[in-house]
S.K.: 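Okay, here's the structure, questions in a sec.
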Amino acid sequence: MKSPFIVQSWRRLLKFLFPILILISFFTVLLVDSFTPAITEGGRLGAIAQIPRQEIRGVWMTTNDFDTLKNRDKVQDAVSQLRRMNFNTIYPVVWNSGYVMYPSAIAQRANIQPFVYKGLDGHDILADLITQAHRQGLLVIPWFEFGFMAPPTSELVLNYPDWFTQKRDGSQTSISAAGEVMWLNPFLPKVQQFITNLVLETVTQYDADGIQFDDHMSLPHEFGYDKYTVALYTKETKNPPPTNSQDAAWVKWRADKITAFMVQLNQAVKQRKPQAIFSVSPNYYDFAYKFHLQDWLSWIRQNIVDELIVQIYRPNLQSFVANLSRAEIQEAQKIIPTGIGVMTGLRNNPVPMQQIKSQVRAAQERGLGVTFFYYESLWNDALEPLNERQAGFATLFRSPALRAKVE
């Protein structure tokens, strides 16, 4: 039997310790909440707390940059310059106009590419870029620019016409920034397998740090009226597709099918290279979903996106800032590295340095990274003299922000 003295002593001790225990619990919760597990569900390698704060400082290298990419010396100069200016990521195009930009056994077997893009020394331009970038501490994430899109004159279209979808009136082309294009049927198993094979070839054949898909990993809402898709929709819903291509249920059904494919594609990539960065660079969400059936916010919520770069090509600063403040961007940046695509100019439409500076500053003030479209327009196809342009970019990133290389 406990004495009254012992009981009173325990009560006094507990009364003293209770507030301290509450305080310890509170700070423990805060600390735990600020970290994500090193291994996430499904064995996916993940991120420690610094991952959402990794600042993306990237540039796309397009087919317009091919004169640079094919020349070893120019690649070395470009990578060194980017490193000095504290960039940390390069996104080189590897899939454009129905062709791949590297020696591909998949493309050769499919008989869609009678040529191989080579450097001036006959070298593999992608392998050279990756080697030189890694020496300088930059990541290289190959970019599947055209996604499901291909020009009607490509061997892909000519050799596999049944792989392409159509509009309700039977027409098969649309006008894009790349000109007249056709669209691979993203619901067709053969198409899904072909794209998957190319992606896996890229991430396994090269020491790449990931793979990126942009706004063309999608389908314009007018498409999906081919025989295969009509039959599949009718079988699953007991109704034919609506005549209105923007009918909510019809949009959701097709968007969900694309999402399901992206989940499978992510799993295939992670199985081959668990730490590969699965990057997406879409348009802002309302446009992407309603007009291109690209439900990328769902992709993020299903944990298949490792970084997000939203293309916001707006010359008007007010419009640019308004898009930065969208809820889906704020949601994404709490989970994964998130950046904004900033236009640095086109050959026939150069962008002034002051506009670039103000947009980068607006993104940085909101904790967002940036990726520039595209390399050649950083300082070569520009309004300002070369020295002035390069001096402007040198002020954007004052200190290094290295990203961990994928092993």
S.K.: Quick check: do P92 and Y102 have side-chain heavy atoms less than 4.5 Å from each other?
M.R.: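 No, every pair of side-chain atoms sits at 4.5 Å or beyond.
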S.K.: Inspect the surroundings of CD in Q330 and state if more than 12 heavy atoms from other residues, nucleotides or ligands are less than 6.0 Å away.
M.R.: yes
S.K.: Find the distance between OG1 (T344) and CG (L378) and round it off to the nearest 0.5 Å.
M.R.: 5.0 Å
S.K.: Can you name the closest pair of heavy atoms from P161 and Q172 and give their distance?
M.R.: O-NE2, 4.4 Å
S.K.: Rounded to the nearest 0.5 Å, how far does CD of E376 lie from CG of D381?
M.R.: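 Result: 5.5 Å between the selected atoms.
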S.K.: Test your reading of the model: is there a side-chain donor-acceptor pair from E307 to the backbone of V280, 3.5 Å cut-off?
M.R.: no
S.K.: Examine distances only and state if a side-chain atom of R314 and a backbone atom of S319 form a donor-acceptor pair shorter than 3.5 Å.
M.R.: no
S.K.: Given side chains that start at C-beta, do those of V93 and W60 come closer than 4.5 Å, heavy atoms only?
M.R.: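 Not touching, per the 4.5 Å side-chain cut-off.
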S.K.: Do D162 and K227 meet the salt-bridge criterion of a basic N to acidic O distance under 4.0 Å?
M.R.: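 D162 and K227: not salt-bridged.
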S.K.: Between S218 and D215, is there a donor-acceptor pair closer than 3.5 Å when you use the side chain of the first and the backbone of the second?
M.R.: yes
S.K.: Would you say V94 and Y206 make side-chain contact, with heavy atoms under 4.5 Å?
M.R.: no
S.K.: Could you check whether any side-chain N or O of D247 sits under 3.5 Å from a backbone N or O of P242, counting only pairs where one atom can act as donor and the other as acceptor?
M.R.: no
S.K.: On a heavy-atom basis, which atom in I141 and which in S279 lie closest, and how many Å separate them?
M.R.: CG2-CB, 4.4 Å
S.K.: May I ask you to test the W299-T259 pair for a side-chain heavy-atom distance under 4.5 Å?
M.R.: yes
S.K.: Please test L156 against F164 for side chain to side chain contact (heavy atoms under 4.5 Å, CB included), starting from the C-alpha separation and ending with a verdict.
M.R.: CA-CA 10 Å; L156 183 60; F164 290 81; 4.0 Å; yes
S.K.: Between atom CG of D295 and atom CD1 of I300, what is the distance when rounded to the nearest 0.5 Å?
M.R.: 10.0 Å
S.K.: When you measure from the side chain of T229 to the backbone N and O of Y225, does any donor-acceptor pair fall under 3.5 Å?
M.R.: no
S.K.: State whether a side-chain donor-acceptor pair under 3.5 Å links Q76 with S80.
M.R.: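 Short answer, no.
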S.K.: Mind running side-chain hydrogen bond (donor to acceptor under 3.5 Å, both in side chains) on N185 and T165 for me, showing each step along the way?
M.R.: CA-CA 5 Å; N185 186 348; T165 185; 4.7 Å; no
S.K.: Which of parallel (below 30°), tilted (30 to 60°) and perpendicular (above 60°) describes F397 and F372?
M.R.: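 Tilted: the ring planes of F397 and F372 meet at 30° to 60°.
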S.K.: Check whether any side-chain heavy atom of F144 sits under 4.5 Å from a side-chain heavy atom of Q212, and report yes or no.
M.R.: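 A side-chain contact is absent here, since even the closest heavy-atom pair is not under 4.5 Å.
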S.K.: Tell me the closest heavy-atom pair linking S245 and R254, and the distance in Å.
M.R.: O-NH2, 2.6 Å
S.K.: Do you know which of Y99, W95, F66 makes ring pair (Phe, Tyr, Trp, His ring centres under 6.0 Å) with Y117?
M.R.: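 Exactly one option meets the ring pair (Phe, Tyr, Trp, His ring centres under 6.0 Å) with Y117, and it is F66.
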S.K.: Mind running side chain to side chain contact (heavy atoms under 4.5 Å, CB included) on M217 and F261 for me, showing each step along the way?
M.R.: CA-CA 10 Å; M217 206 67 169; F261 169 66; 3.8 Å; yes
S.K.: Tell me yes or no: between the side chains of Q193 and N197, is some donor less than 3.5 Å from an acceptor?
M.R.: yes
S.K.: Whether the Q311 and D214 side chains hold a donor-acceptor pair (N or O, under 3.5 Å, no angle test) is what I'd like checked.
M.R.: no
S.K.: Nearest 0.5 Å, what's the OG1-CZ distance between T202 and R272?
M.R.: 11.5 Å
S.K.: Taking only residues two or more places apart in sequence, or in another chain, which ones meet Y160 in a ring-ring contact (aromatic ring centres under 6.0 Å, His included)?
M.R.: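 Only W163 meet the ring-ring contact (aromatic ring centres under 6.0 Å, His included) criterion with Y160.
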S.K.: Take atom CD of Q318 as the centre, draw a 6.0 Å sphere, and report whether it contains more than 12 heavy atoms from other residues, nucleotides or ligands.
M.R.: no
S.K.: Throw together a table of side-chain donor-acceptor distances under 3.5 angstrom for residues 346-355, partners on residues two or more places apart or in other chains.
M.R.:
residue	atom	partner	partner atom	Å
R347	NH2	N64	O	3.4

S.K.: Check the pair E55 / Q364 against side chain to side chain contact (heavy atoms under 4.5 Å, CB included), numbers first and verdict last.
M.R.: CA-CA 9 Å; E55 184 183 352; Q364 291 174 332; 3.8 Å; yes
S.K.: Could you measure the distance from the CZ atom of R389 to the OG atom of S377? Nearest 0.5 Å is fine.
M.R.: 7.0 Å
S.K.: Are the side chain of K273 and the backbone N or O of V203 linked by a donor-acceptor pair below 3.5 Å?
M.R.: yes
S.K.: Contact between H134 and D209 at the side-chain level, heavy atoms closer than 4.5 Å - yes or no?
M.R.: yes
S.K.: Using only heavy-atom distances, determine whether the side chains of S104 and E201 contain a donor-acceptor pair under 3.5 Å.
M.R.: yes
S.K.: Using distance alone, with no hydrogens and no angle criterion, decide if R84 and Q81 have a side-chain donor and acceptor under 3.5 Å apart.
M.R.: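 Indeed, the side chains of R84 and Q81 share at least one donor-acceptor pair under 3.5 Å.
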S.K.: Which heavy-atom pair separates L129 from L69 by the least distance, and what is that distance?
M.R.: CD2-CD2, 4.0 Å
S.K.: Salt bridge check, D286 against R326: does any charged N sit closer than 4.0 Å to a carboxylate O?
M.R.: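 Counted as a salt bridge, because a side-chain N and a carboxylate O are separated by less than 4.0 Å.
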S.K.: Could you check whether any side-chain N or O of K270 sits under 3.5 Å from a backbone N or O of A276, counting only pairs where one atom can act as donor and the other as acceptor?
M.R.: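 Indeed, once roles are kept as given, a pair shorter than 3.5 Å links the two residues.
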S.K.: What are the two closest heavy atoms between M149 and A178, and how far apart are they?
M.R.: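 Taking M149 first and A178 second, the nearest heavy atoms are CE-CB, 4.4 Å.
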S.K.: Is there side-chain contact between V310 and Y285, with heavy atoms separated by less than 4.5 Å?
M.R.: no
S.K.: Is there a side chain to side chain contact (heavy atoms under 4.5 Å, CB included) between Q246 and F291? Walk through the geometry before answering.
M.R.: CA-CA 8 Å; Q246 290 186 296; F291 294 97; 3.5 Å; yes
S.K.: So does T173 get a backbone contact from the side chain of K167, meaning a donor-acceptor N/O pair under 3.5 Å?
M.R.: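 Yes.
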S.K.: Looking at F213 versus W296, is the centre-to-centre ring distance below 6.0 Å?
M.R.: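 Between F213 and W296, the centre distance exceeds or equals 6.0 Å.
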S.K.: Side chain of N159, backbone of N111: donor and acceptor closer than 3.5 Å?
M.R.: yes
S.K.: Do you know the tightest heavy-atom contact between N266 and I304?
M.R.: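 N266 and I304 have their closest heavy atoms at ND2-O, 2.9 Å.
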S.K.: Determine, step by step, whether D65 and K74 satisfy the salt bridge (Lys or Arg N to Asp or Glu O under 4.0 Å) criterion, reporting the C-alpha distance in whole Å, the side-chain angles of both residues, the deciding distance to 0.1 Å, and the verdict.
M.R.: CA-CA 11 Å; D65 299 307; K74 286 185 178 181; over 6 Å; no
S.K.: Using 30° and 60° as the class boundaries, would you call the ring planes of W183 and F223 parallel, tilted or perpendicular?
M.R.: tilted
S.K.: Passes side-chain hydrogen bond (donor to acceptor under 3.5 Å, both in side chains), S171 versus D169? Steps please.
M.R.: CA-CA 6 Å; S171 61; D169 64 5; 2.6 Å; yes
S.K.: Go through the structure and list residues passing side-chain contact (heavy atoms from CB on, under 4.5 Å) with A78, not counting sequence neighbours.
M.R.: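 Once residues adjacent in sequence are excluded, the partners of A78 under the side-chain contact (heavy atoms from CB on, under 4.5 Å) criterion are M61, T68, Y375.
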S.K.: Using 0.5 Å steps for rounding, measure from the CD1 atom of I106 to the CD1 atom of I195.
M.R.: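 CD1 of I195 is found 11.5 Å from CD1 of I106.
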S.K.: May I ask you to test the F194-I112 pair for a side-chain heavy-atom distance under 4.5 Å?
M.R.: yes
S.K.: Between N88 and R403, is there a donor-acceptor pair closer than 3.5 Å when you use the side chain of the first and the backbone of the second?
M.R.: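 Pair absent, no side-chain N/O of N88 close to backbone of R403.
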